[in-house]
Amino acid sequence: MFVLALRTDASFTYPRFPQDGTIVHLDPISEVAARALLRNELKAGANQELVEKFTRLAAGVPLNLVQLIEYAKTKRTLTLEEANEWLADAGDVRGVIEQRLFDQPATVRNVLALLSALGSEVETSRVVALSSSAWDPESALQAAYEQGIVEVIDYESDDPTVRFASPAFREVVYRQLSSKARKKIHGKVAVYYSERVQAAGANPSQRDLANLVEHLCATEKYKEGFANLLNLIDRALKACDFKIAIQHIDHAVRLVRDNDAGSVEDEAVLCLKRVRANEAIGNLKVALDEVRGLERIGEISELLRLEIRLELIRLWLLEEDPDLVERVVKKALQEIRLLDGQHNSPETTVMLIRALQLMTEVQEKQGRLPHAAQSAIEAVDIAERRKVKPEANGYGPSVVWGPLNQLGRVRIRSGEFDSAARMFELALRVTDQSDDKRGDLTIRGNIAALLQAQDKLDAAYRTIQHALKTARQITDLRSVAKLEHNRAL
């Protein structure tokens, strides 16, 4: 008996077989069958997330499934990245993939090498734009698709997305590139994304910026990558995408520590931003631990050291007795007034306003409303006299709208409703101008409290509804819970 195994594709022409020969077609294992096999083999370890990840990695190839199952049985916990790297290293799998790669024409191998450097998924137009015309990239992609090496997502789109059929395939292709070839490809891609970012002017897409950072770092242009990463961080923070911001900050901190992309002061500023992002998503303990660590950093300016102290005070006020915090606030405010008197710079101006905001909060919590109003009025007056801009002040729009909002809140407690309404109206103008959604929902929450104090319950309910919509848009779960409580009341 003779057995002949052939890999076929859409353009395959069968050779002449004996009339009594039997042809058996073997298709890839379906996703349903792959999931069932994984659940059966892995038993208790087959949680839904792991099954979905392995189904994607295996790409319908029985050999991949067998290897992944054996690997999972030896590991108590594992990540998708670990499994993918291990699969690409598994001798049998790597051998099969390498053989399939070497069987391809040079033009197809060139396009696959480019695709491996571009990322997990990419539009076909970008692959074509970055390929040499001599490679005939459209035909090369078509050939790779027919061979089952790549697959197409949203095929009906005007610009379909293409990716490797198995992530392990991409890993093997990329590893086969020499360091020189990798650097050359990443350099070419970096130029492409740099031109796209520059052409977009002040509003490049986040995806283009992220791709630019990735390829700049792959070519060891760490300082350029760092500069673009700072842009991504600020945009994520402004959009209230705090988890994304934290990921970008982690990356930027690694670039400073491992690749000298910035200074110790740059790292401290990044860590402060991470503190604020963690606090915004409710990770108060993580934020407090980090800001306490920042207090021990050397080689930073006195201004930044005071900034770190203000951040620590702000977090303490969320859970500590204001009477205990007052002394620390007073000391910090005294130091900042002295520093501002010496320099009178935009930086000391912002810091002075922020210290006065903290003092206002302490005094309001203590019930010392006249003192709280006086501190808030001083902060508002400084912002007006020194023409502090909402967005170009190094901290954010809350430096301008925050004191107005605080003064409005104090006025409610003092029964001065008309004055409170005027303060909130002025504060909303700032948030509208700067598109500060967190500020907007904070102020509207206080407006609802004002309306409730005036017994205008229908208007208060509608205001809370508006704030809830904003809170859900930016996934501010703490504000959602607080607003839902207020709406119920």
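Arg276 places no side-chain N or O within donor-acceptor distance of the main-chain N or O of Cys271, the cut-off being under 3.5 Å. The main-chain N or O of Arg274 is found under 3.5 Å from a side-chain atom of Asn278 such that the two form a donor-acceptor pair. Side-chain atoms of Thr219 come within 3.5 Å of backbone atoms of Leu216 as a donor-acceptor pair (strictly under, hydrogens ignored). Proximity of a side-chain donor or acceptor of Asn393 to a complementary backbone N or O of Pro390 within less than 3.5 Å is detected. Without hydrogens or angle criteria, Asp241 side chain to Leu237 main chain gives no donor-acceptor distance under 3.5 Å. Side-chain atoms of Thr124 come within 3.5 Å of backbone atoms of Pro160 as a donor-acceptor pair (strictly under, hydrogens ignored). Here the side chain of Asp340 pairs no donor or acceptor atom with the backbone of Ile336 at under 3.5 angstrom. Side-chain atoms of Asp321 come within 3.5 Å of backbone atoms of Asp323 as a donor-acceptor pair (strictly under, hydrogens ignored). Looking only at distances, a side-chain donor or acceptor of Arg413 sits under 3.5 Å from a matching main-chain atom of Glu364. Although no hydrogens or angles enter the test, the distance criterion places a donor-acceptor pair under 3.5 Å between the side chain of Asp266 and the main chain of Ser263.
Under the 30°/60° scheme for interplanar angles, the aromatic rings of Tyr193 and His215 are found to lie parallel.
In this structure, Asp159 places its CG atom where more than 12 heavy-atom neighbours from other residues, nucleotides or ligands lie under 6.0 Å away. Environment of CD in Glu391: crowded, with over 12 heavy atoms of neighbouring residues, nucleotides or ligands closer than 6.0 Å. The 12-atom threshold is exceeded at CD of Glu319, counting heavy atoms of other residues, nucleotides or ligands nearer than 6.0 Å. Annotation for Gln374: atom CD does not count as buried by contact number, only 12 or fewer foreign heavy atoms lying within 6.0 Å. The 12-atom threshold is exceeded at NZ of Lys365, counting heavy atoms of other residues, nucleotides or ligands nearer than 6.0 Å. Other residues, nucleotides and ligands contribute only 12 or fewer heavy atoms inside 6.0 Å of the NZ atom of Lys221. More than 12 heavy atoms of other residues, nucleotides or ligands lie within 6.0 Å of CZ in Arg385, so this atom counts as buried by the packing criterion.
Taking the six-membered ring for Trp and the full ring otherwise, the centers of Tyr222 and His251 sit at least 6.0 Å from each other.
Counting heavy atoms from C-beta outward, Leu255 and Cys217 have side chains that approach closer than 4.5 Å. Counting only heavy atoms from C-beta outward, the side chains of Ser419 and Phe417 never approach each other to under 4.5 Å. Looking only at side-chain heavy atoms (C-beta outward), Leu404 and Phe424 stay at 4.5 Å or farther from each other. In this structure the side chain of Gln342 reaches within 4.5 angstrom of the side chain of Leu339, judged on heavy atoms. Side-chain contact between Leu270 and Leu230: present, with at least one pair of heavy atoms (C-beta onward) separated by less than 4.5 Å. Looking only at side-chain heavy atoms (C-beta outward), Val253 and Ile249 come within less than 4.5 Å of each other. Contact annotation: the side chain of Ser301 approaches that of Glu265 to within less than 4.5 Å [non-hydrogen atoms, C-beta and beyond]. In this structure, the side chains of Thr161 and Val152 stay at 4.5 Å or more apart for every pair of heavy atoms.
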Given side-chain contact (heavy atoms from CB on, under 4.5 Å), test Val388 with Thr349 step by step and report yes or no.
CA-CA 8 Å; Val388 177; Thr349 295; 3.8 Å; yes
Using the salt bridge (charged side-chain N to carboxylate O under 4.0 Å, His left out) rule, take Asp418 and Arg411 through it: C-alpha gap first, then chi angles, then the decisive distance, then the call.
CA-CA 9 Å; Asp418 290 343; Arg411 295 300 193 212; over 6 Å; no
Pair Arg314, Glu311 - check salt bridge (charged side-chain N to carboxylate O under 4.0 Å, His left out), show working.
CA-CA 5 Å; Arg314 186 181 72 84; Glu311 196 60 35; 2.5 Å; yes
Full working for side-chain contact (heavy atoms from CB on, under 4.5 Å) between Leu356 and Ile382:
CA-CA 10 Å; Leu356 286 165; Ile382 292 171; 3.7 Å; yes
How far apart are the C-alpha atoms of Phe226 and His248, what are their side-chain angles, what is the distance that settles it, and do they pass the ring-ring contact (aromatic ring centres under 6.0 Å, His included) test?
CA-CA 10 Å; Phe226 181 75; His248 291 322; over 10 Å; no
Pair Leu358, Leu310 - check side-chain contact (heavy atoms from CB on, under 4.5 Å), show working.
CA-CA 8 Å; Leu358 291 171; Leu310 287 181; 3.7 Å; yes
Check the pair Arg182, Arg175 against side-chain contact (heavy atoms from CB on, under 4.5 Å), reporting the backbone distance first and the verdict last.
CA-CA 9 Å; Arg182 288 184 193 177; Arg175 288 185 186 185; 4.2 Å; yes
Could you give me the CA-CA distance, side-chain angles and deciding distance for Glu378 and Arg337, then say whether salt bridge (charged side-chain N to carboxylate O under 4.0 Å, His left out) is met?
CA-CA 12 Å; Glu378 183 182 356; Arg337 286 191 191 280; 2.8 Å; yes
Go through Lys469 and Asp440 one step at a time and tell me if the salt bridge (charged side-chain N to carboxylate O under 4.0 Å, His left out) criterion holds.
CA-CA 11 Å; Lys469 182 179 178 182; Asp440 182 89; over 6 Å; no
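Exactly one residue among Arg163, Arg126, Arg207 makes a salt bridge (Lys or Arg N to Asp or Glu O under 4.0 Å) with Glu121. That residue is Arg163. The side chain to side chain contact (heavy atoms under 4.5 Å, CB included) with Ile185 is formed by just one residue from the set Leu130, Leu177, Leu115; it is Leu177. When each of Arg368, Gln363, Glu361 is tested with Ser375 by the rule side-chain hydrogen bond (donor to acceptor under 3.5 Å, both in side chains), just one qualifies, namely Gln363.
Salt-bridge annotation for Arg292 and Asp289: present, with a side-chain N of the basic residue lying under 4.0 Å from a carboxylate O of the acidic one. Salt bridge Lys238/Asp436: absent, no basic N to carboxylate O contact under 4.0 Å.
Rounding to the nearest 0.5 angstrom, the gap separating the CD atom in Glu295 from the CD atom in Glu290 is 13.0 Å. Here CD of Gln452 is found 11.0 Å from OG1 of Thr463. Values are rounded to the nearest 0.5 Å. Between the CD atom in Glu347 and the OG atom in Ser345 there is a gap of 4.5 Å [rounded to 0.5 Å]. Here the CG-CD1 distance, from Leu451 to Ile412, works out to 8.5 Å after rounding to the nearest 0.5 Å. If you take CD on Gln473 and CG on Leu441, they are separated by 10.0 Å, rounding to the nearest 0.5 Å. A distance of 13.0 Å separates CZ of Arg409 from CG of Leu450, quoted to the nearest 0.5 Å.
When every heavy atom of Ala287 is checked against every heavy atom of Val275, the shortest pair comes out as CB-O, 3.5 Å. The nearest pair of heavy atoms linking Gly225 to Val213 is O-CG2, 3.6 Å. What you find for Ala129 and Tyr192 is that their closest heavy atoms are CB-CE1, 4.1 Å.
Judged by the 6.0 Å and 45° rule, Arg354 forms a cation-pi pair with Tyr395.
When only modelled atom types and interatomic distance are considered, Arg386 and Asn344 share a side-chain donor-acceptor pair under 3.5 Å.
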